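These notes concern the structure reproduced below.
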Number of protein chains: 2
Amino acid sequence: MAETEIIHNEKTCNGKLVAIGDALYAIGGKWKLRVILALRSGNNRFNELQRTIPGISAKVLSNELKELELNGFVKRIVHTGTPVVVEYEVTPYSDTLHGILESLSDWGMKHKDKIRKQAGKDMA
Amino acid sequence: MAETEIIHNEKTCNGKLVAIGDALYAIGGKWKLRVILALRSGNNRFNELQRTIPGISAKVLSNELKELELNGFVKRIVHTGTPVVVEYEVTPYSDTLHGILESLSDWGMKHKDKIRKQAGKDMA
DNA sequence: CTGTATCCGCCCGGATACTG
DNA sequence: CAGTATCCGGGCGGATACAG
């Protein structure tokens with residue numbers, strides 16, 4: 001039956017839901033992706049990151065970096081010396097997010113278009 | 001240069017970041033996707049939804065449904081009669097989320113595997 | 001049944017000050 | 001510079017009661 005394409009199997013859906021939950025747990029939230037993007041664009045020091053990401057506080061940035069490190073997206077590198085320098089790097093694993101980022105941004109743009117058109121119609 | 005594939009253009013990235021923010025704003029959060037999934041699996045009445053989605057309160061469910069309706073994912077249908085029956089339906093627009101849901105769940109599953117393997121190594 | 005209103009505890013996160 | 005500790009206010013969301 002063709003309906004299975006639309007209706008889906010409930011157990012499959014639940015499994016996906018769990019997986020989606022896992023994904024959102026790891027990369028959801030206000031800052032995770034922004035931190036990763038900031039790191040990608042070449043800002044690797046703590047204070048540099050804080051300046052690059054508007055509105056983030058030291059405490060929150062610290063927590064985000066720890067979680068990102070736990071999840072394997074970021075590597076913390078301490079260069080001993082005088083003074084001590086700490087750098088953060090995105091790992092190759094963070095590249096696995098590429099597909100998600102692409103679909104999210106594609107959809108986000110289309111969605112905004114749709115919202116703008118609705119707003120236009122509301123005005124008329 | 002081949003590096004552009006990895007490093008990306010900063011303005012493009014910012015544009016994507018905004019779009020990703022828009023997307024997460026619309027479908028991010030704890031309940032949005034769960035509500036949509038519950039509706040898809042045939043639960044259309046308010047109390048039915050509340051029973052189907054573990055842990056959601058009436059207030060939160062009410063808010064989620066309003067936001068989902070505003071964003072065009074859900075249609076609210078009032079059947080006048082005695083008693084009045086209210087039903088919620090997913091709209092065809094919610095199908096546009098399919099790509100996002102697929103990449104999220106794919107990635108979520110792979111990510112969980114990776115975490116489990118790490119945990120296994122930690123034990124050894 | 002389908003919600004809304006109110007109360008309220010808790011936690012997120014901002015500001016600031018401080019340590020190494 | 002690289003964070004941590006503390007204080008604290010606002011808001012999210014749960015419980016309950018209530019309205020249509």
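Residue numbers start from 1 in every chain, and the chains themselves are labelled A, B, ... in the order their sequence lines are given, proteins ahead of strands. Worth saying up front: this structure is predicted, and the values here are computed from it rather than measured. Any value given below was found using the heavy atoms of this structure, including those in side chains, with hydrogens, waters and symmetry copies removed.
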- request: Measure across A:Ala19 and B:Ser105 and return the closest heavy-atom pair with its distance rounded to 0.1 Å.
  value: CB-O, 3.4 Å

- prompt: Regarding A:Tyr25 and B:His111, is there a side-chain donor-to-acceptor distance under 3.5 Å anywhere?
  reply: no

Under 3.5 Å: donor-acceptor pair, side chain of A:Thr91, backbone of A:Gly72: yes

- request: Measure from CG on A:Leu49 to C1' on D:dA2 and round the result to the nearest Å.
  value: 11 Å

- prompt: Can a salt bridge be assigned to the pair B:Arg34 and B:Glu64 using a cut-off of 4.0 Å between side-chain N and carboxylate O?
  reply: no

d(CG, B:Leu61; P, C:dA5) in whole Å: 16 Å

task: Go through the structure and list residues passing salt bridge (charged side-chain N to carboxylate O under 4.0 Å, His left out) with B:Asp22, not counting sequence neighbours.
output: A:Lys112

task: Write down the distance between CD (A:Glu69) and C1' (D:dA2), rounded to a whole number of angstrom.
output: 14 Å

Contact pattern, 5' to 3', of nucleotides 3-20 of chain D - B, S or - by protein heavy atom under 4.0 Å: SS-BB-----BB------

- prompt: Atom CZ of B:Arg51 and atom C1' of C:dC1: how far apart are they, to the nearest Å?
  reply: 10 Å

query: Is B:Glu67 paired with B:Lys32 through a side-chain N to carboxylate O contact shorter than 4.0 Å?
result: yes

message: From CZ of A:Arg34 over to C1' of C:dG13, roughly how many Å is that when rounded to an integer?
response: 16 Å

message: So, does A:Arg45 get its side chain near the phosphate of D:dC1, meaning an N or O under 4.0 Å from OP1 or OP2?
response: no

